[in-house]
Amino acid sequence: MKYISTRGKAPALNFEEVLLAGMASDGGLYVPETLPQYDAAEIASWAGLPYNELAYRIIQPFVADTIDGVELKAIVDDTYAQFRHDAVAPLVQIGHNEWVLELFHGPTLAFKDFALQLLGRLFDHVLERRQQHVVIMGATSGDTGSAAIEGCRRCKHVDIFILHPHERVSEVQRRQMTTVAGDNIHNIAVKGNFDDCQALVKQSFADQSFLPGGLQLVAVNSINWARIMAQIVYYFYSALSLGAPHRPVSFSVPTGNFGDIYAGWLAKNMGLPIEQLIIGTNANDILHRFMCRNQYEKHELMHSLSPSMDIMISSNFERALFDLYQRDGLAVAELMERFNRETVSVPDAVFERARAVFDSHAVDDASTIATIEQVFEATEYLLDPHSAIAVEAARQCRRNSATPMVALATAHPAKFPDAVMRAGQSEAPHLPHYMNDLYQRDERYTVLEQDLAVVQGFIADNISSTT
Ligand SMILES: *Cc1c(COP(=O)(O)O)cnc(C)c1O
């Protein structure tokens, strides 16, 4: 399968190249040139497959020219064997035809494990064959860093450097990153805020001459195509459990960078009967504002109780725009360039197409807390604040109570004890038993000044080995 850029100018690449490339050279994002299409009979034949078997079937066509089927099967099996629940992505019912899809049974208790556990293994496979060593560099304000570290901890051909803002991530989140042992894992606490960390990463990608011996930086942020690909699977898996393709299913997705819900849209375009796709945002509601009035406008960043959705721009929305513009890459390039300077609108036809696919709702902190409280009172099920946004957005946007509604639960409540306590819990939610010793484990991280030369010097000096 070939991948093309949303801005229409970069060369088409194969899967292996896209895996290592990150952003396209024209500033766009890579998407598959065509999507595999499945009819109802074929989708129905997947009913009852275990998660890993289904994942193999769905992922295989996307990587076919790079990874042999037997090897892919082994990678996928190993990836989803890391999850602590037998179903990998279990459904829990919280109301009439209302479900929560638990995506937090991976090693770091957030849905990013679905993609990053796979990504680390894909990197190692491809790099082994190329006999190449790469350096992953990323900035995190929480979930992504720990999921990336867990995903790459056993990679022989990868050194991973994750920058987090010193003393500005929660203790659970810091410990999830800094207690992972491995010579190739490097945590840097930067004396600055998250934006400072991101700026250091961005500047390092722009000029990689600080790396010794022709090494290359690789990105694991949410624009990486392989991450999105992995997320398509749980839409099929949950919908099949609820009776698809014989009846449609709706999904509500707590949205930040739009990677997760975009995967849902791909599932729909591949043939899965999805009735509604609901974008749930927090107060950082650029997408909801766009869906309401066709104005794509940056606002200042707000800090919310759902920090993993605190974004100003949803990077992956560009991928959806590319399809909504009927794959006119030059029009997308023009729109995105104007968007750098000003508020933009899309042509009416494009906007109408967007409204036909997506519903949206913005959920503020007060209503997030109220939802956690209400659901707990009614069912004794404890939602994390991100998942609560999905539940509330679903309730606000739902059109048809005969269609199963699935809210994606993207994090375990124990990751966000403050929000949960504010929702009337008398004690902080417990971490799963296998993480009971998180507070006793040894931490390893280095505090550095917010200075490009200092950070780059540290990276150059600490690369574990080169193959
Ligand atoms: C990353 C994240 C999100 C947002 O996902 P996107 O793909 O960026 O839209 C939602 N909830 C949690 C817990 C996350 O970690």
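Numbering of ligands and ligand atoms starts at 1, following listing order.
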### Summary
Here the atoms of ligand 1 under 4.0 Å from any heavy atom belonging to A411 are 13 (C)
### Query
Which of the atoms of ligand 1 are close to G259, meaning less than 4.0 Å from one of its heavy atoms?
6 (P), 7 (O), 9 (O)
### Query
F258 heavy atoms, cut-off 4.0 Å: which ligand 1 atoms fall inside?
6 (P), 8 (O), 9 (O)
#### Entry: Parallel, tilted or perpendicular, as decided by the 30° and 60° cut-offs, for the rings of F15 and Y3
tilted
### Query
Is the shortest distance from a Lys or Arg side-chain nitrogen in R153 or E150 to a carboxylate oxygen in the other one below 4.0 Å?
yes
## Note on the structure
Near P254 (heavy-atom distance under 4.0 Å), the atoms of ligand 1 are 4 (C), 10 (C)
#### Entry: Top protein contact for atom 9 (O) of ligand 1, by heavy-atom distance
G256 N, 2.8 Å
### Message
When you compare the side chains of N193 and D195, does any donor N or O come within less than 3.5 Å of an acceptor on the partner?
### Response
no
### Message
Students should be able to answer this: which protein heavy-atom is nearest to atom 12 (C) of ligand 1, and at what distance?
### Response
T410 OG1, 3.4 Å
### Summary
Ranked by distance from atom 8 (O) of ligand 1, the top protein heavy atom is N257 N, 2.7 Å
### Derivation and outcome, side chain to side chain donor-acceptor pair (under 3.5 Å), residues D159 and N184
CA-CA 5 Å; D159 269 278; N184 63 335; 5.9 Å; no
### Summary
Judged by heavy atoms only, the candidate from R227, M309, K112 nearest atom 1 (C) of ligand 1 is K112
### Task
Considering non-hydrogen atoms only, spot the tightest contact between F358 and M291 and give its length.
O-CE, 3.3 Å
### Query
Going by heavy atoms, is S222 under 4.0 Å from ligand 1?
no
### Task
Could you go through the side-chain contact (heavy atoms from CB on, under 4.5 Å) check for I286 and S314 one step at a time?
CA-CA 8 Å; I286 179 168; S314 299; 4.2 Å; yes
### Query
Would R319 count as a cation-pi partner of F258, with NZ or CZ less than 6.0 Å from the six-membered ring centre and within 45° of the ring normal?
no
### Task
Taking only heavy atoms of H386 into account, list the atoms of ligand 1 that are under 4.0 Å away from them.
11 (N), 12 (C), 13 (C)
#### Entry: Approximate separation, where rounding is to 0.5 Å, of L301 CG and H299 NE2
12.5 Å
#### Entry: Per-atom contacts, ligand 1 versus T255 - under 4.0 Å to a heavy atom
9 (O)
### Query
Hey, does the side chain of T255 reach the backbone of I279 with a donor-acceptor pair shorter than 3.5 angstrom?
no
### Message
Suppose we measure from atom 5 (O) of ligand 1 to each protein heavy atom; which comes out shortest, and what is that distance?
### Response
F111 CZ, 3.5 Å
#### Entry: Nearest-neighbour protein heavy atom for atom 7 (O) of ligand 1, which is reported as residue plus atom name and distance
D260 N, 2.9 Å
